[in-house]
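A short write-up of the structure that comes next.
Just so it is clear: chains get the letters A, B, ... in the order the sequence lines come, proteins before strands, and each one is counted from 1.
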2 protein chains.
Amino acid sequence: MAPKYQQIAERLRAQISNGSLRPGQRLPSEPELAAEYDASRNTVRLAIAALTNQGLVTSRQGLGTFVLEPARPFTALLSRTKATPDEQHASMSLPVVSPAADESEMVRLIVETGSASRNVAERLGIEPGDQVIIRRSQLFIGDVPWQLINSYYPTDVAKGTPLEQAGRIETGSVGLLAQLGYPQQGFVDEIGARMPDATEFDFFKLASGTPVIVVSRTSYSSDRPIRLTRYIYRGDRARLLRVEGNVPDTYRHA
Amino acid sequence: MAPKYQQIAERLRAQISNGSLRPGQRLPSEPELAAEYDASRNTVRLAIAALTNQGLVTSRQGLGTFVLEPARPFTALLSRTKATPDEQHASMSLPVVSPAADESEMVRLIVETGSASRNVAERLGIEPGDQVIIRRSQLFIGDVPWQLINSYYPTDVAKGTPLEQAGRIETGSVGLLAQLGYPQQGFVDEIGARMPDATEFDFFKLASGTPVIVVSRTSYSSDRPIRLTRYIYRGDRARLLRVEGNVPDTYRHA
DNA sequence: AAGTGGTCTAGACCACGGG
DNA sequence: CCGTGGTCTAGACCACTTC
């Protein structure tokens with residue numbers, strides 16, 4: 001015999017998946033559910049908490065609890081079959097293939113100096129606590145928060161360069177690094193998922209229970225790491241696409 | 001003024017991050033915390049639920065609530081600079097680089113026939129509901145559940161072949177497909193993250209709040225999809241590694 | 001003002017794990 | 001046995017939204 005709150009959650013889940021509770025629709029209020037299932041309001045709230053953690057519903061004070069729309073994922077390319085390495089590295093962000101890349105728009109860029117955490121130091125080949133120059137960007141597609149980008153540069157690479165200033169880098173940061181004597185010759189991507197921190201939670205307006213995907217790209221020039229870039233996406237709306245070998249052109253799953 | 005349960009959560013979070021509560025250590029019991037913070041036990045439980053959802057602690061009935069060990073991630077390779085395409089595709093699973101691949105061990109393989117979901121059908125170029133042959137594997141590293149692999153084959157490809165039988169494929173499934181007239185010529189990877197379903201939750205013995213990473217690989221032969229393989233990892237212990245261009249050999253971050 | 005979810009209390013009994 | 005977390009109740013008051 002499953003606990004009562006799990007039974008209530010199961011009934012509501014079933015109503016959501018069979019369509020009798022549609023996306024956007026309001027659930028019965030907590031007192032109504034309590035009466036319907038002969039339970040206390042706290043027990044009903046336990047059931048709703050379970051559904052919230054699974055990303056099925058979201059509650060708003062004063063309004064009610066609503067079935068979430070299934071997320072339409074955006075897709076970012078990790079590689080392109082036909083792009084030259086230059087093209088592939090020119091853009092600061094990973095290219096977006098769906099929907100149209102034109103909608104992409106950067107709205108905020110913060111440049112600051114900080115000390116390297118253990119993880120950052122390890123990848124940049126410096127000591128934890130060493131100064132690094134950090135460029136933080138927030139990108140939107142239309143008005144939807146799409147990704148956070150945090151780039152870390154060793155001080156000896158970026159000190160006294162336009163990288164230290166806020167504002168767009170006209171030639172692209174890869175081009176600028178090449179001009180500075182650090183042509184990008186390769187990179188390593190590490191891909192992981194975790195629960196968001198408070199900043200990420202707020203930026204993406206996440207529902208509780210939604211993870212983020214993190215792509216950590218360490219770029220190298222002549223065997224020396226020159227940059228670490230972290231691309232952070234909300235897990236429920238991002239798909240990373242990678243193509244290898246010959247595949248038909250019809251792989252663009254919406 | 002933040003709600004009391006958030007204040008309690010914040011205090012406990014601070015004790016965890018500053019080391020006064022160490023990984024593996026038991027938290028004070030719920031009645032003790034209630035007394036310490038002059039709160040009811042339900043309020044303490046709200047605070048603990050918040051920490052659980054963030055993957056910081058886990059509770060076990062009859063024992064207590066414990067600070068989780070920070071996960072030591074395993075790393076799987078999405079690409080290798082020096083491997084030939086054949087080497088790269090020979091293994092059913094993505095190669096593990098850390099720790100030693102020798103520890104990898106498959107313990108369970110189930111082969112069944114089912115009907116294609118919308119997502120599977122779309123990628124295999126068939127109709128939803130069409131029959132597909134499904135091979136499900138569970139892999140461990142040592143005795144740690146490491147990944148789930150679900151492979152979907154169109155019936156006209158796999159019907160009457162060893163793919164339909166349980167048991168290892170001696171030449172590797174890619175070699176077998178080539179013998180059957182479907183040499184693998186390319187693939188598309190789609191990478192995403194989501195919260196686990198019940199099967200995944202049990203297999204990985206996940207704590208509430210841990211996402212899974214899913215790599216969906218569609219393999220093509222002569223412009224025709226011949227297989228869809230889903231590699232499912234627990235998000236807190238998996239890192240996917242991808243190398244492009246020339247990088248030093250020291251990128252093996254433990 | 002009325003209805004919603006958010007927070008909180010002070011109890012109760014149950015299920016599990018270890019001595 | 002006892003102490004742990006798991007479930008559940010029946011209230012209360014607060015904060016937010018809409019009318």
Side-chain angles (χ1 to χ4, degrees), chain A residues 1-13 15-16 21 24-68 198 201-202 205-209, chain B residues 1-13 15-16 21 23-68 198 201-202 205-210:
Chain A
M1 183 73 170
K4 192 186 278 189
Y5 78 95
Q6 285 182 17
Q7 296 179 37
I8 299 174
E10 193 43 58
R11 297 271 292 267
L12 291 173
R13 239 192 307 270
Q15 291 180 44
I16 289 171
L21 280 173
Q25 193 174 337
R26 213 201 76 187
L27 269 62
S29 74
E30 293 176 357
E32 284 167 357
L33 287 170
E36 178 178 348
Y37 291 101
D38 189 28
S40 76
R41 202 184 135 209
N42 276 345
T43 300
V44 167
R45 282 180 65 77
L46 267 186
I48 290 177
L51 299 180
T52 300
N53 284 337
Q54 292 163 40
L56 293 175
V57 304
T58 188
S59 298
R60 275 178 294 172
Q61 197 173 39
L63 290 178
T65 300
F66 300 83
V67 181
L68 279 176
F201 190 86
D202 291 340
K205 299 181 175 58
L206 291 178
S208 164
Chain B
M1 183 74 171
K4 193 186 276 189
Y5 78 95
Q6 285 182 17
Q7 296 179 37
I8 299 174
E10 192 45 55
R11 297 270 292 268
L12 291 172
R13 238 191 309 268
Q15 291 180 45
I16 290 171
L21 279 173
Q25 193 174 337
R26 213 201 77 188
L27 269 62
S29 73
E30 294 177 358
E32 285 167 355
L33 287 171
E36 179 178 348
Y37 291 102
D38 189 28
S40 76
R41 203 185 136 210
N42 276 344
T43 300
V44 167
R45 284 180 62 77
L46 266 187
I48 290 177
L51 299 180
T52 300
N53 284 337
Q54 292 163 41
L56 293 175
V57 304
T58 188
S59 298
R60 274 179 295 173
Q61 196 172 41
L63 290 178
T65 301
F66 299 83
V67 180
L68 278 176
F201 190 86
D202 292 341
K205 299 181 176 58
L206 290 178
S208 164
T210 305

Rounded off to whole Å, could you give me the [atom1]-to-[atom2] distance for the [X] and [N] pair?
X: A/Leu33; N: C/dG3; atom1: CG; atom2: C1'; result: 15 Å
X: A/Met1; N: C/dA15; atom1: CE; atom2: P; result: 12 Å
X: B/Tyr5; N: C/dG6; atom1: OH; atom2: P; result: 9 Å
X: B/Tyr37; N: C/dT9; atom1: OH; atom2: P; result: 14 Å
X: B/Asp38; N: C/dT9; atom1: CG; atom2: P; result: 7 Å
X: B/Asn42; N: D/dT7; atom1: CG; atom2: P; result: 12 Å
X: A/Phe66; N: C/dT4; atom1: CZ; atom2: P; result: 11 Å

Within the 4.5 Å heavy-atom criterion, are [X] and [Y] side-chain neighbours or not?
X: A/Leu33; Y: A/Leu12; answer: yes
X: B/Arg60; Y: B/Phe66; answer: yes
X: B/Leu46; Y: B/Asn42; answer: no

Handout entry: side-chain N/O A/Ser40 vs D/dG11 OP1/OP2, d < 4.0 Å
Key = no
Handout entry: Phosphate OP1/OP2 of C/dG6: any B/Lys4 side-chain N/O under 4.0 Å
Key = no
Give me the distances for all protein-to-nucleotides 2-5 of chain D N/O pairs that come in under 3.5 Å?
from, atom 1, to, atom 2, distance (Å)
D/dG3, N2, B/Gly62, O, 3.2
D/dT4, O2, B/Gly62, N, 3.2
D/dG5, OP2, B/Glu30, N, 2.9
D/dG5, N2, B/Gln61, NE2, 2.9

Practice task
Might you point out which heavy atoms bring B/Arg26 and B/Leu63 nearest each other, and give the distance in Å?
Solution key: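 Between these two residues, the closest heavy atoms are CD-O, 3.5 Å.
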Problem - Exam field: side chain B/Gln6 to backbone B/Pro3, donor-acceptor pair closer than 3.5 Å - result: no
Practice task
Using atom types as modelled and distance alone, determine if a side-chain donor or acceptor of A/Gln7 lies under 3.5 Å from a backbone N or O of A/Ala2.
Solution key: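 It does hold such a pair.
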